[in-house]
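Note that the structure is a prediction, hence the values are computed from the model and not measured.
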Amino acid sequence: MPSSPKIYVAGHRGMVGSAIVRTLQRQGHENIVTRTHAELDLTEQAAVRAFFEQERPDQVYLAAAKVGGIYANNTYPAEFIYQNLMMEANIIEAAFRNGVKNLLFLGSSCIYPKLADQPMREDALLTGTLEATNEPYALAKIAGIKLCESYNRQYHVSHGIDYRSVMPTNLYGPGDNYHPENSHVIPALIRRFHEAKVNRSPRVYIWGTGTPKREFLFVDDMALASVHVMALDKATYDQHTQPMLSHINVGYGSDITIRELAETIGKTVGYEGTIEFDSSKPDGAPRKLMDSARLNALGWHAKVELATGLASAYQDFLKNESART
Ligand SMILES: NC(=O)C1=CN([C@@H]2O[C@H](COP(=O)(O)OP(=O)(O)OC[C@H]3O[C@@H](n4cnc5c(N)ncnc54)[C@H](OP(=O)(O)O)[C@@H]3O)[C@@H](O)[C@H]2O)C=CC1
Ligand SMILES: C[C@H]1O[C@H](OP(=O)(O)OP(=O)(O)OC[C@H]2O[C@@H](n3cnc4c(=O)[nH]c(N)nc43)[C@H](O)[C@@H]2O)[C@@H](O)[C@@H](O)C1=O
């Protein structure tokens, strides 16, 4: 019986990384290696090389990144482009140097042009101007896709390299970042509505106009998609990602306006005040619905509906809030 593969999950304490670890464990994988940020700073090339030389994993899930919502991206562009470029370059290069044949890189839906046709297909990449609020982060993610593609093109035949990229839509769920400013919209609004309920505030302000639309995928569905794509044999995977397309979209399949989302989160939390919009804050991309037909054809579909996922996310917030206070 071959021993189970040694799997390195980079970013294992993050929302997606922790979901990938629990999904792998549920599927019987026990040989999972991790390092915290304090133990291994992935922007340090020598430290990353030493880690891979020591551990020599068989598979890598690259779920570590500098991540944040529209405000964080807009406020810290240098950190977003530099740290993400360094982490992905260090990990992908050290993985190759140490014989790792299978790696999964997590990109993002913001790699696509601001005004791409909706829903956005994988071949829309690099066909137009990016959304300004997260362009540095998006360029780092595009570089990550191209790193995987380039190592495959140069080293697949000689070294069996098969590095894949998944492009998640907006994600939410247990382990999310609830920072009031730097978070994404769902955790930000869960926290804001909860605090408004507790403090009996008469109104809650939502950023922007409420008119943009977003697609939201529960993080455990994203983890299942990641493990599913990693496990696909190469011929099947290549059949659905045309030769020059190495990345594959992972979406929920439908989107809603930020206004509808805010109303739904208000109900989930049990807030009874009024919702107002602060149009001094940016809207970002008007819409970014993913076309996930390729991944659907490969046998994965999202399962968790928004109302169910939001209830789970709120419970996670409450559990962590008691730990915070
Ligand atoms: N959340 C979302 O809506 C979306 C996320 N994605 C992508 O999914 C992936 C995971 O995102 P998510 O789980 O939400 O992000 P999180 O911020 O929850 O997790 C990121 C992880 O990376 C770690 N990390 C960051 N910098 C370093 C570093 N220099 N060295 C070592 N570890 C580091 C963090 O550790 P620590 O906190 O200790 O610094 C954290 O554990 C990312 O690639 C992200 O771009 C894509 C689309 C949407
Ligand atoms: C996920 C993906 O895409 C991210 O971009 P984004 O989708 O624009 O991220 P967001 O979740 O922060 O905003 C979604 C919408 O929601 C509105 N909005 C209202 N009120 C709040 C609010 O209180 N906080 C936030 N963050 N947004 C709010 C906000 O104005 C915007 O219209 C990248 O940052 C990047 O991280 C990436 O990879």
Side-chain angles (χ1 to χ4, degrees), residues 15-16 67-70 73 106-135 137-139 141-142 144-145 165-173 176 183-189 206-226 228-229 240-242 245-265 277 281-310 313:
M15 175 173 68
V16 180
V67 182
I70 190 166
N73 270 272
L106 274 81
S108 166
S109 57
C110 61
I111 63 164
Y112 294 114
K114 173 171 186 171
L115 302 177
D117 290 345
Q118 304 286 323
M120 305 182 294
R121 291 163 39 98
E122 286 88 349
D123 56 13
L125 181 63
L126 294 175
T127 60
T129 307
L130 297 168
E131 158 58 34
T133 53
N134 51 45
E135 184 193 63
Y137 171 79
L139 286 169
K141 290 298 185 182
I142 292 169
I145 294 169
S165 300
V166 285
M167 296 301 119
T169 189
N170 292 49
L171 304 172
Y172 71 101
D176 210 338
S183 52
H184 286 104
V185 61
I186 285 183
L189 294 191
I206 312 298
W207 295 355
T209 62
T211 58
K213 297 190 83 174
R214 290 291 185 274
E215 177 185 33
F216 296 103
L217 181 68
F218 191 64
V219 71
D220 286 84
D221 275 341
M222 181 64 219
L224 283 166
S226 302
H228 184 80
V229 170
H240 289 276
T241 55
Q242 300 155 23
L245 280 177
S246 63
H247 60 289
I248 195 158
N249 290 343
V250 188
Y252 175 73
S254 63
D255 57 0
I256 59 171
T257 66
I258 295 304
R259 174 187 290 274
E260 289 163 337
L261 174 71
E263 289 164 356
T264 305
I265 294 175
F277 291 87
K281 292 285 194 319
D283 271 339
R287 193 178 187 203
K288 42 185 187 176
L289 177 64
M290 307 272 262
D291 177 332
S292 303
R294 283 195 172 88
L295 186 53
N296 298 153
L298 284 166
W300 174 89
H301 291 81
K303 296 192 184 80
V304 180
E305 294 188 2
L306 186 60
T308 308
L310 288 176

## Note on the structure
When every non-hydrogen atom of Pro212 is compared with those of Ala285, the smallest separation belongs to CB-O, 3.8 Å
### Message
Please report the interatomic distance OH(Tyr252) to CG(Asn170), rounded to the nearest 0.5 Å.
### Response
14.5 Å
### Message
Is it the case that the side chain of Thr257 and the backbone of Glu260 share a donor-acceptor pair, with hydrogens and angles ignored and the cut-off at 3.5 Å?
### Response
yes
### Task
Measure centre to centre between the rings of Tyr172 and Phe218, then say whether the value is under 6.0 Å.
yes
### Message
So, taking the atom named CG in Asp117 and the one named CG in Leu289, what distance separates them when rounded to the nearest 0.5 Å?
### Response
12.0 Å
### Message
Within the structure provided, determine whether Tyr137 and Cys110 are in side-chain contact (heavy-atom separation under 4.5 Å).
### Response
yes
### Query
For the side chain to side chain donor-acceptor pair (under 3.5 Å) test, which of Arg214, Lys288, Glu215 pairs with Thr169?
Glu215
#### Entry: Distance (rounded to the nearest 0.5 Å) between Arg294 CZ and His247 NE2
8.0 Å
### Message
Looking only at the side chains, is there a donor atom on one of Asn73 and Thr133 sitting less than 3.5 Å from an acceptor on the other?
### Response
no
### Message
Can you tell me how far apart OG (Ser183) and CD1 (Ile70) are? Round to the nearest 0.5 Å.
### Response
12.0 Å
### Query
Is there a donor-acceptor pair closer than 3.5 Å between any side-chain N or O of Asn296 and the backbone N or O of Trp300?
yes
### Query
Is there a side-chain contact between Val304 and Asp220, using heavy atoms and a 4.5 Å cut-off?
no
### Task
Determine whether the side chains of Tyr112 and Asn249 contain a donor N or O and an acceptor N or O closer than 3.5 Å.
yes
### Query
Are Thr308 and Glu305 close enough, and set up right, to give a side-chain hydrogen bond (donor to acceptor under 3.5 Å, both in side chains), and what steps lead you there?
CA-CA 5 Å; Thr308 308; Glu305 294 188 2; 5.1 Å; no
### Task
Can you measure from CD1 (Ile186) to CG (Leu306) and round to the nearest 0.5 angstrom?
5.5 Å
### Task
Could you tell me the separation between the CD atom of Glu122 and the CE atom of Met290, rounded to the nearest 0.5 Å?
7.5 Å
